[in-house]
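The structure appears below as structure tokens.
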Amino acid sequence: MTSQEKKKVLFLCTHNSARSQMAEGLLRAIHGDRYEAYSAGIKATNVDPRAVMVMKEIGIDISSQLSKTPKTLQNIIFDIEVTVCDSARVSCPICSTDLDLPTEIPRAREVIHKSFEDPATAVGSEEEQLEVFRQVRDEIKYWIIQTFGK
């Protein structure tokens with residue numbers, strides 16, 4: 001498939017530091033032949049090094065991905081927008097489904113919500129925190145396989 005034929009998917013969360021970054025990397029790695037993956041956050045921060053580490057454990061390098069706000073993607077019409085946390089679903093004016101409406105936020109043909117735990121709030125030892133990141137990574141991976149593998 002050419003990039004013009006691929007469906008464009010935007011993953012959105014609060015800080016674009018972990019969940020949405022992992023989802024972007026996973027979709028690109030698993031179904032990159034059919035989908036173009038993007039991610040953004042209500043407030044751009046930095047990609048969490050723990051997310052980079054647990055993704056590298058499964059052979060996916062997200063170290064070059066950057067944290068972005070939806071405004072940086074305003075000229076793209078997405079086929080699907082996925083909010084991956086409850087905060088983004090409630091507080092973000094993301095992805096108008098009115099494709100003809102001029103706007104500073106991205107537009108999407110379809111909006112899906114699938115909430116995942118925020119691994120960045122994990123407490124405990126470094127290994128305990130990484131285990132939470134691994135668990136969330138694996139949940140996102142399973143969901144992406146089930147949702148986008150059809």
Side-chain angles (χ1 to χ4, degrees), residues 1-92 94-95 97 105-124 126-150:
M1 257 185 194
T2 67
S3 65
Q4 299 226 356
E5 295 172 13
K6 293 180 183 182
K7 288 190 175 188
K8 292 176 176 59
V9 179
L10 172 62
F11 294 98
L12 179 76
C13 69
T14 308
H15 296 112
N16 193 216
S17 64
R19 292 166 288 188
S20 55
Q21 293 286 349
M22 290 191 289
E24 176 184 354
L26 285 161
L27 183 60
R28 188 176 291 123
I30 297 168
H31 296 298
D33 59 328
R34 297 191 335 241
Y35 295 95
E36 270 184 54
Y38 300 80
S39 68
I42 297 167
K43 297 176 185 174
T45 56
N46 294 304
V47 179
D48 193 304
R50 296 168 294 183
V52 173
M53 185 180 301
V54 300
M55 293 295 287
K56 194 170 282 192
E57 290 175 355
I58 62 168
I60 300 172
D61 183 3
I62 63 168
S63 63
S64 63
Q65 291 179 195
L66 301 172
S67 183
K68 301 163 291 303
T69 63
K71 190 170 183 173
T72 63
L73 305 169
Q74 72 185 39
N75 295 322
I76 300 172
I77 296 178
F78 292 94
D79 295 289
I80 303 168
E81 181 263 323
V82 182
T83 51
V84 294
C85 68
D86 292 331
S87 176
R89 180 182 192 192
V90 170
S91 64
C92 193
I94 186 62
C95 283
T97 54
I105 57 175
R107 292 163 286 168
R109 291 178 173 86
E110 178 183 1
V111 176
I112 298 172
H113 175 67
K114 175 60 178 163
S115 188
F116 296 97
E117 176 185 357
D118 185 358
T121 63
V123 294
E126 182 178 343
E127 186 53 38
E128 290 169 326
Q129 291 176 36
L130 286 173
E131 192 52 43
V132 173
F133 272 83
R134 289 179 188 112
Q135 178 183 345
V136 172
R137 173 203 65 202
D138 293 346
E139 289 172 4
I140 294 170
K141 180 180 178 183
Y142 177 76
W143 182 80
I144 283 175
I145 290 169
Q146 295 299 309
T147 304
F148 295 95
K150 300 172 185 169

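Numbers here are sequence positions counted from 1.
- Residues V9 and L27 are in side-chain contact: their nearest non-hydrogen atoms beyond the backbone lie under 4.5 Å apart.
- By the 4.5 Å heavy-atom criterion applied to side chains, F11 and I140 are not counted as neighbours.
- Between V136 and R19 the shortest side-chain heavy-atom distance falls below 4.5 Å.
- What you find for S67 and A44 is that their closest heavy atoms are OG-CA, 3.3 Å.
- Environment of NZ in K141: sparse, with no more than 12 heavy atoms of neighbouring residues, nucleotides or ligands closer than 6.0 Å.
- Here the closest heavy-atom approach between residue E81 and residue V111 is recorded as OE1-CG1, 3.0 Å.
- At least one side-chain heavy atom of W143 sits under 4.5 Å from a side-chain heavy atom of V82.
- Contact between V84 and C13 at its shortest, heavy atoms only, is CG2-CB, 3.5 Å.
- One finds the CD atom of Q65 at 13.5 Å from the CG atom of N46 (value rounded to the nearest 0.5 Å).
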Kindly indicate, with the supporting measurements, whether the criterion side chain to side chain donor-acceptor pair (under 3.5 Å) is fulfilled by Q135 and E139. CA-CA 6 Å; Q135 178 183 345; E139 289 172 4; 3.2 Å; yes
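- Other residues, nucleotides and ligands contribute only 12 or fewer heavy atoms inside 6.0 Å of the CD atom of E126.
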Test Y35 against I144 for side-chain contact (heavy atoms from CB on, under 4.5 Å), laying out the working first. CA-CA 11 Å; Y35 295 95; I144 283 175; over 6 Å; no
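- Distance alone, capped at 3.5 Å, places no donor-acceptor pair between the K114 side chain and the I112 backbone.
- The pair R109-D79 counts as a salt bridge, with a side-chain nitrogen and a carboxylate oxygen less than 4.0 angstrom apart.
- From M22, atom CE reaches atom CE of M55 across 7.0 Å, with rounding to the nearest 0.5 Å.
- To the nearest 0.5 Å, the span separating CD1 on I80 from CG on L10 amounts to 11.0 Å.
- Taking every heavy atom of both residues into account, V132 and P119 meet most closely at CG1-CA, 3.8 Å.
- Rounding to the nearest 0.5 angstrom, the gap separating the CD1 atom in I62 from the NZ atom in K56 is 9.5 Å.
- Residues Y38 and I76 form a side-chain contact, since some pair of their non-hydrogen atoms from C-beta on lies under 4.5 Å apart.
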Derivation and outcome, side-chain contact (heavy atoms from CB on, under 4.5 Å), residues Q21 and V52: CA-CA 9 Å; Q21 293 286 349; V52 173; over 6 Å; no
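- Side-chain contact between D118 and C85 is absent, with no heavy-atom pair separated by less than 4.5 Å.
- Pairing each heavy atom of A40 with each of L73, the nearest pair is CB-CD1, 4.0 Å.
- Panel note: side chain R34, backbone F148; a donor-acceptor pair is recorded below 3.5 Å.
- Residues N16 and S39 share a closest heavy-atom pair of ND2-OG, 2.9 Å.
- Atoms CZ and CG, from F133 and D138 in turn, are 13.0 Å apart once rounded to the nearest 0.5 Å.
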